[in-house]
Amino acid sequence: MIRVMYFARLRDQLGSPGEQIEAPPATLGALVDQLAARGDDWAEAFSGSVLMAVNQEMADRDTPLAEGDEVAFFPPVTGG
Amino acid sequence: MIRVMYFARLRDQLGSPGEQIEAPPATLGALVDQLAARGDDWAEAFSGSVLMAVNQEMADRDTPLAEGDEVAFFPPVTGG
Amino acid sequence: MRVHIAVQTDPFDSGAEIARLAASNHAIGGIASFIGVVRGHNRVGGREAEISTLTLEHYPGMTEKALARIVDSACERWPLQGVTVIHRVGELQLGEPIVLVLTASAHRQAAFEACEYIMDILKTEAPFWKKERLPDGSERWVDARETDSEAAARWLR
Amino acid sequence: MRVHIAVQTDPFDSGAEIARLAASNHAIGGIASFIGVVRGHNRVGGREAEISTLTLEHYPGMTEKALARIVDSACERWPLQGVTVIHRVGELQLGEPIVLVLTASAHRQAAFEACEYIMDILKTEAPFWKKERLPDGSERWVDARETDSEAAARWLR
C-alpha cells in the first residue's frame, strides 16, 4: 500500500486531497498512467505540468515505488 | 577667501581639521601644489591617494576655484 | 554557523531575526535579506487585477526538507556564517510579509549572491502554492512564472 | 515613491524600517536589504586582528548629498517603489549595525540589483571613514579595499 497526495490546483481538479492505493505499479510513471486512465478529469489533470515527489523528494517517471511510500502530485510551485 | 577642510587620516597627518585661505589660486590642482610645497609632512600627505571635493561635490585638479568655495581633501572612503 | 528555518502561520519580526543573526557570530560583516510582500495587484489571466487576500498552501514535511536542502546547497557555494528562512502559510492580507531570507557573511558579495540564490531556488522547488482572492470574492491559483524558472536556471550554468 | 535617507549616531530599527517601507505602497512585492555590521576582526597591515570598537567619521553635508545622488541614480536604473538608506556615525561596538539599505520593487530582481548597486557606490563615493580600536588601545584608520573599487566599477561596464 502507498499513500498518494494531491495539492493545490491539482487537488481541486481531482476533487480529492489524496487516497491509498493497495497494489501500486513498479514505477511512478506507471502510476501516473494508471491514474490518468481513470477518466477525462484525471486525464486532463495529468496532461498539464505536474510535479511529482516520492517520500518528500522530487521524483520522475523512472522513480521506483515501494510498499509504504508517500507519493505526491502537485502543480509548479508559487511560493516566495 | 575659501574654506579648506581635511578629513580622517589626512587631518591626522596634517595636524589640522582645516583652514581659511585668503587668495586661492585659480584651480584645485594649483591649490594642491601650493599646499604640498609647505614642507615634508604636507608633501607626503598629498603624495598618496587624496580625494577632493569643491562645494561638497567630487572634484579634480582642473576644477576652478571661486571666492567662498568650500574645498575638502580626504582619503579614499571606507563607509558602509 | 546558525541556520534557522521555519514554516509558520504567524507573522515574523524581521528586525528581531536580523538582530539575532547579527549577534550570533563576530565574523559576520554583512547580512543580505529579502522580504516578499503580498502585492496589491497581479497579472491574472493576462490582465492586471486587484488582490484582496492571498492564501498559501504547502506540503507539510516536504516544505521543511526542501528549504533545508536549499540552505545546505547555499552553504556549500558561499562562505556563510548564518542563514534564516521563514515562510508563512495560510491567509495573508495585502502588504503583509510572506517570506524572509537572511544570509550572513564576512563580506557582502557572498551574502547578496546566497540570498538571491535561495530565493530563486525556493521559488521553483519549495512546495508552496498561492491562491488569490479578488475583491469580487472569486479565487484563483496563481500561475508559476516563466521568469522564476529562468532565474533558477542561471545558477546551473 | 518613498525615499528616506539618514545619517545618525543612534541605532536604527531594521524591522520598523522594513515595515514602514512595505506599508508605503501596494505595488511593492519585495524588499531587498543589506545591513553592514561591525565585524570582530579585520585585516590590519596584512594580518588578522581583533577589533574592539569602530569609530565612523563623515563629512556632514556632503554625506547626505552623496547618498541622495546615489539613491537618485538607482531610481533611474531600476523601477523602485521605495529606498531607505540609514548610515550611522560615531563610536560603534562589535556586532552593531553600521548601515541599512532597503530597496522595494514589484519584483525581486530589481530590488536585489538596486540594493547591491547602492552599497557598491556608497562604499566608494560616500564620505565616511572608519577608524578601528584594537584591544591594546591602539587605533588605526581602515584602508580602502581594492575589491570595493572593483565592485563599484562593474556598474559602469
Side-chain angles (χ1 to χ4, degrees), chain A residues 1-21 24 27-29 31-32 35-36 40-80, chain C residues 7 34-39 42-44 54-70 85-90 92 97-101 115-132 139-149 151-152:
Chain A
M1 194 198 72
I2 62 170
R3 183 179 178 198
V4 180
M5 305 166 85
Y6 309 113
F7 287 99
R9 184 183 295 173
L10 195 69
R11 181 193 55 232
D12 291 354
Q13 286 176 292
L14 300 177
S16 164
E19 60 190 294
Q20 295 193 341
I21 291 183
T27 66
L28 192 51
L31 177 62
V32 170
L35 294 171
D40 286 351
D41 284 355
W42 291 78
E44 196 189 326
F46 280 94
S47 70
S49 186
V50 174
L51 302 182
M52 310 184 279
V54 173
N55 298 329
Q56 306 186 351
E57 300 279 348
M58 295 302 287
D60 57 33
R61 288 184 60 91
D62 295 333
T63 305
L65 295 180
E67 180 63 22
D69 278 350
E70 177 178 303
V71 173
F73 296 103
F74 45 81
V77 304
T78 56
Chain C
V7 178
F34 182 79
I35 294 113
V37 173
V38 181
R39 243 188 325 199
N42 206 352
R43 189 156 287 274
V44 175
L54 192 70
T55 303
L56 269 138
E57 176 177 333
H58 75 127
Y59 178 178
M62 181 169 173
T63 322
E64 291 79 356
K65 279 189 195 172
L67 295 178
R69 202 178 39 232
I70 295 167
V85 178
I86 303 177
H87 202 300
R88 294 176 68 196
V89 292
L92 305 183
I98 305 168
V99 60
L100 172 71
V101 174
C115 192
E116 280 198 77
Y117 171 84
I118 291 171
M119 277 305 303
D120 285 348
I121 309 298
L122 183 158
K123 282 258 183 188
T124 54
E125 296 192 3
F128 294 100
W129 301 275
K130 289 192 183 112
K131 185 190 258 181
E132 294 172 335
E139 290 189 329
R140 56 174 290 160
W141 292 100
V142 173
D143 285 322
R145 290 156 41 99
E146 183 70 22
T147 51
D148 285 332
S149 307

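Lettering follows sequence order; numbering is per chain, from 1.
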Enquirer: Is any side-chain heavy atom of Arg9(A) closer than 4.5 Å to one of Asp143(C)?
Expert: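 SC-SC contact between Asp143(C) and Arg9(A) confirmed.
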
Enquirer: Got a sec: does the CZ of Arg3(A) have more than 12 other heavy atoms crowding it under 6.0 Å?
Expert: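 Not more than 12 within 6.0 Å, no.
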
Enquirer: Using a strict cut-off of less than 4.0 Å between a Lys/Arg side-chain nitrogen and an Asp/Glu carboxylate oxygen, indicate whether Arg140(C) and Asp12(A) qualify as a salt bridge.
Expert: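 No, this pair does not count.
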
Enquirer: Heavy-atom cut-off 4.5 Å, strictly under: side chain, backbone, both or neither for Arg69(C) against chain A?
Expert: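 The side chain, not the backbone.
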
Enquirer: When the aromatic ring centroids of Trp42(A) and Tyr6(A) are compared, is their separation below 6.0 Å?
Expert: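 Yes, the ring centres sit under 6.0 Å apart.
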
Enquirer: Check the pair Leu14(A) / Phe73(A) against side chain to side chain contact (heavy atoms under 4.5 Å, CB included), numbers first and verdict last.
Expert: CA-CA 11 Å; Leu14(A) 300 177; Phe73(A) 296 103; over 6 Å; no

Enquirer: Quick check: are there more than 12 heavy atoms from other residues, nucleotides or ligands sitting under 6.0 Å from CD of Glu44(A)?
Expert: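 Open.
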
Enquirer: Should the ring pair Trp129(C) and Phe7(A) be called parallel, tilted or perpendicular, given that the plane angle runs from 0 to 90° and is split at 30 and 60?
Expert: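 Geometry flag for Phe7(A) against Trp129(C): parallel rings.
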
Enquirer: Tell me which of these, Ala66(C), Ser149(C), Gly61(C), Gly36(C), has more heavy-atom pairs under 4.5 Å with chain A than the rest.
Expert: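 Among Ala66(C), Ser149(C), Gly61(C), Gly36(C), the one with the most close pairs to chain A is Gly61(C).
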
Enquirer: Where does Lys65(C) contact chain A at under 4.5 Å (heavy atoms): side chain, backbone, both or neither?
Expert: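 Just the side chain, heavy atoms under 4.5 Å.
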
Enquirer: By number, which residues in residues 52-60 of chain A have some heavy atom less than 4.5 Å away from chain C?
Expert: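 When heavy atoms of chain C are the reference, residues 52-60 of chain A contributes Ala53(A), Asn55(A), Gln56(A), Glu57(A), Met58(A) within the under-4.5 Å range.
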
